[in-house]
Amino acid sequence: MPSISYLVAVLAIVFTITFALRAVPFALLRTLHSSAVVRNLAVWMPVGILAILAVTALHGTVSAEPRAMPYALLAVAVTAGVHLAFGRRTILSVGIGTAVYVVLVNAF
């Protein structure tokens with residue numbers, strides 16, 4: 001069993017690294033706040049993340065249950081429509097799209 005001083009040293013190192021990795025981006029963001037790159041990332045990153053999640057979910061759905069593909073595509077269309085129609089509210093559009101998919105898969 002490791003000594004107490006060894007465990008305390010490991011915890012101190014882990015704490016320092018974790019704190020630095022979480023604090024540095026916020027410190028850099030203050031200086032980069034007026035940067036065009038940061039503004040573009042703020043616009044396109046959420047879209048990219050949702051696209052990756054959608055492709056991953058659709059791939060898993062089609063692989064597991066090929067008959068559900070039309071339902072998944074319809075749910076994606078509903079999600080995009082709700083997102084554009086109701087002020088780009090991500091949680092609302094993803095929630096409604098998910099509900100549409102669940103209803104379609106379970107009803108038919």
Side-chain angles (χ1 to χ4, degrees):
M1 180 155 159
S3 67
I4 297 296
S5 59
Y6 177 79
L7 292 175
V8 169
V10 168
L11 287 175
I13 291 169
V14 168
F15 173 78
T16 303
I17 291 171
T18 301
F19 182 77
L21 287 174
R22 292 176 187 260
V24 167
F26 289 105
L28 290 176
L29 191 60
R30 287 190 186 118
T31 60
L32 296 174
H33 189 61
S34 60
S35 169
V37 173
V38 173
R39 277 186 266 124
N40 282 333
L41 283 174
V43 170
W44 290 105
M45 246 175 110
V47 174
I49 290 169
L50 283 176
I52 291 169
L53 288 172
V55 168
T56 304
L58 286 173
H59 174 69
T61 298
V62 171
S63 297
E65 189 67 40
R67 73 169 185 83
M69 189 169 82
Y71 305 141
L73 294 175
L74 182 62
V76 168
V78 168
T79 301
V82 169
H83 189 73
L84 295 174
F86 292 101
R88 300 180 185 269
R89 301 168 102 190
T90 305
I91 293 177
L92 178 68
S93 58
V94 170
I96 290 175
T98 302
V100 166
Y101 176 72
V102 169
V103 167
L104 288 172
V105 168
N106 290 316
F108 299 106

Using a 3.5 Å cut-off and no angle test, enumerate the donor-acceptor pairs between side-chain atoms of residues 67-88 and protein atoms at least two apart in sequence or in another chain.
residue: Arg67; atom: NE; partner: Glu65; partner atom: OE2; Å: 3.1
residue: Arg67; atom: NH1; partner: Phe108; partner atom: O; Å: 3.4
residue: Thr79; atom: OG1; partner: Ala75; partner atom: O; Å: 2.8
residue: His83; atom: ND1; partner: Ser93; partner atom: OG; Å: 3.2

Requested in this report: Can you run down the side chain to side chain donor-acceptor pair (under 3.5 Å) pairs that involve residues 15-24, sequence neighbours left out, and say none if there aren't any?
Outcome: none
Requested in this report: Output, in order, the C-alpha distance, side-chain angles, deciding distance and verdict of side-chain contact (heavy atoms from CB on, under 4.5 Å) for Leu11 and Phe15.
Outcome: CA-CA 6 Å; Leu11 287 175; Phe15 173 78; over 6 Å; no
Query raised in the report: Can you name the side-chain contact (heavy atoms from CB on, under 4.5 Å) partners of Val37, sequence neighbours left out?
Result: Ser35, Leu41
Do [X] and [Y] share a hydrophobic cluster (ILVMFWY, side-chain heavy atoms under 4.5 Å, transitive)?
| X | Y | result |
| --- | --- | --- |
| Val105 | Ile96 | yes |
| Met45 | Leu32 | no |
| Leu28 | Phe19 | no |
| Val100 | Leu92 | yes |

Query raised in the report: Distance from Leu7 atom CG to Met1 atom CE, nearest 0.5 Å?
Result: 6.5 Å
Report summary line: In this structure, CG of Asn106 is separated from OH of Tyr101 (nearest 0.5 Å) by 9.0 Å
